[in-house]
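Values below: every heavy atom of this structure, side chains too, minus hydrogens, waters and symmetry copies. Chain letters run A, B, ... following the sequence lines, proteins first and then strands; every chain starts at 1.
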Number of protein chains: 2
Amino acid sequence: MGKETLSPTSAALLRAAGIKVTQPRLAVLDALRAAARPMSHAELEALLVEIDRVTLYRILDAFVRHGLASKAADARGVFRFAARDAQREHGGHVHFRCETCGGVFCLSAPPPAPPRLPRGFLLAEAEFDLRGTCAQCAKARR
Amino acid sequence: MGKETLSPTSAALLRAAGIKVTQPRLAVLDALRAAARPMSHAELEALLVEIDRVTLYRILDAFVRHGLASKAADARGVFRFAARDAQREHGGHVHFRCETCGGVFCLSAPPPAPPRLPRGFLLAEAEFDLRGTCAQCAKARR
DNA sequence: CCCTTAAATGCAACAATGTTGCATTTGCGG
DNA sequence: CCGCAAATGCAACATTGTTGCATTTAAGGG
C-alpha cells in the first residue's frame, strides 16, 4: 500500500468509542463516512433498507452520545447526522441550507470568530448559517 | 402623548400586508409581537387556547408568506416564529440555541458579513448560530 | 470452542409535529 | 344589507421521533 491516507476502519472507530461492533452499526458508520453531506434519518433509511427504522434512530443516537457523529436540525427542522471525522475535515465551514429541498451545502469561506457569551453559557458549536435557495431549486422554480 | 415609539396596530399591519383582519390573526400577531423570543407552535397554542391547532399553523404560514413573521427551526428541530418588526429591531443579532431546552437567545454581538455564494444560490437570510447549553440548563445539569 | 450475559436489534405501539380535504362561518367590498 | 371569496374549525392523515418488550448477537471467561 502506497501513500493513501490510512484512515481507521469503521470497526476500529466503534471499538475506540467503546461500543459493540455490529453489522448495522458498521453499515451506518460507513454510510455516514462516505456521505459528502450531513444525512437525514430518512436518507439513511432509504440507503440501508435492511436496518430497522428504530434501530437506525438508536444507532445514530449512540454515535452522537459516543462522539462518533454530530446531529443538527436543517432548515426544515429535520435532523441531519455527520460522521465526526468527516466533519472535522469540514470543520469550521460555513453552511448554506436550502429552504426548498432542505439540502445542506458546505461553503469554502472561513467561519467568523464566535463572540463572547453571557455568564454560564456553554458553547458546543458555532455555525455560520446561510439560508435561501440553492442553485438547483432556484432554477427549478422558474 | 409624549415621545413613545408609536408602533402600528396589529390590525394595520395585517391590512398593510393585504390579508384579512380576523380575531385569530390579531391574537396571534399580538402574541408574536409581545413575545421576547421566537415562539414555537406549541407555545402559541398553549397561549391562545381558543384558536384551533390547524388554524394556528395556517395563520403562521400566512404571516410568513406575507412577510409579517419569520420561521426557523431551533436546535431541536422545532419551528419558531417571530414577528418581523420585532425581529427587525433585533435584526442582525447572533443567536444562541440551547440544545437542552431548545430556547433561543439573542446575543448583542454584531453579526459577521456573509461570504460570497456559489453561482445560482439565492441568499434569504444569514444567521450566526451558536449551539450549546444555556446558563439555566447548565446549572440544572449539575 | 462453547457458554453466559449484557448489549443490541427488531417489532409493535405510541407521541409529537405538521398537512390535507371539506363543510361552515366571517370579513369586507359592492 | 348581500354575496362571495377567504378564513376558520374539525376530522383524518402523514411524517418524524420515542418507548416497551421479546429475541438475537457480540465479546469475554471457562
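Between A:Phe79 and A:Gln23, the one whose closest nucleotide on DNA chain D sits nearer the 5' end is A:Phe79. The 5' end of DNA chain C is approached more closely, in terms of each residue's nearest nucleotide, by A:Lys20 than by the other of B:Ala42 and A:Lys20. Mapped onto DNA chain C by nearest heavy atom, A:Arg53 and B:Thr22 fall at different nucleotides, with A:Arg53 at the one closer to the 5' end.
For C:dA7, neither phosphate oxygen OP1 nor OP2 lies less than 4.0 angstrom from any side-chain nitrogen or oxygen of A:Arg25.
Counting non-hydrogen atoms of neighbouring residues, nucleotides and ligands closer than 6.0 angstrom, the CD atom of B:Gln23 reaches no more than 12 such neighbours.
In this structure, B:Tyr57 and B:Asp61 have side chains that are not in contact, with every pair of non-hydrogen atoms separated by 4.5 Å or more.
Separating the CG atom of A:Leu14 from the C1' atom of D:dA27 is a distance of 14 Å, rounded to the nearest angstrom. Nucleotide C:dT9 holds its C1' atom 14 Å from the CG atom of A:Leu60, rounded to whole Å. To the nearest angstrom, C1' of D:dG28 lies 14 Å from CZ of A:Arg15. Here the C1' atom of nucleotide D:dT19 and the CG atom of A:Asp52 are 13 Å apart, to the nearest Å. Nucleotide C:dT17 holds its P atom 10 Å from the CG atom of B:Asp74, rounded to whole Å. Atom CZ in B:Arg58 sits about 13 Å away from atom C1' in C:dT24, given to the nearest Å. Atom CG in A:Leu68 sits about 12 Å away from atom P in C:dA8, given to the nearest Å. Atom C1' of nucleotide D:dG9 and atom CD of B:Glu45 are separated by 13 Å, given to the nearest angstrom.
In this structure, the side chain of B:Arg25 does not engage the main chain of B:Leu14 through any donor-acceptor pair within 3.5 Å.
For B:Ile51, taking side-chain heavy atoms from C-beta onward, the closest of the listed nucleotides D:dA27, D:dC10, D:dG9 is D:dG9. Candidate nucleotides C:dG18, D:dA27, D:dA11 were compared by shortest atom distance to the side chain of B:His41, and C:dG18 ranks first.
Annotation: cation-pi pair B:Lys71/B:Phe81 absent, no NZ/CZ under 6.0 Å from the ring centroid and within 45° of its normal.
Note that NE2 of B:His66 and CD1 of B:Ile19 are 5.5 Å apart. Values are rounded to the nearest 0.5 Å.
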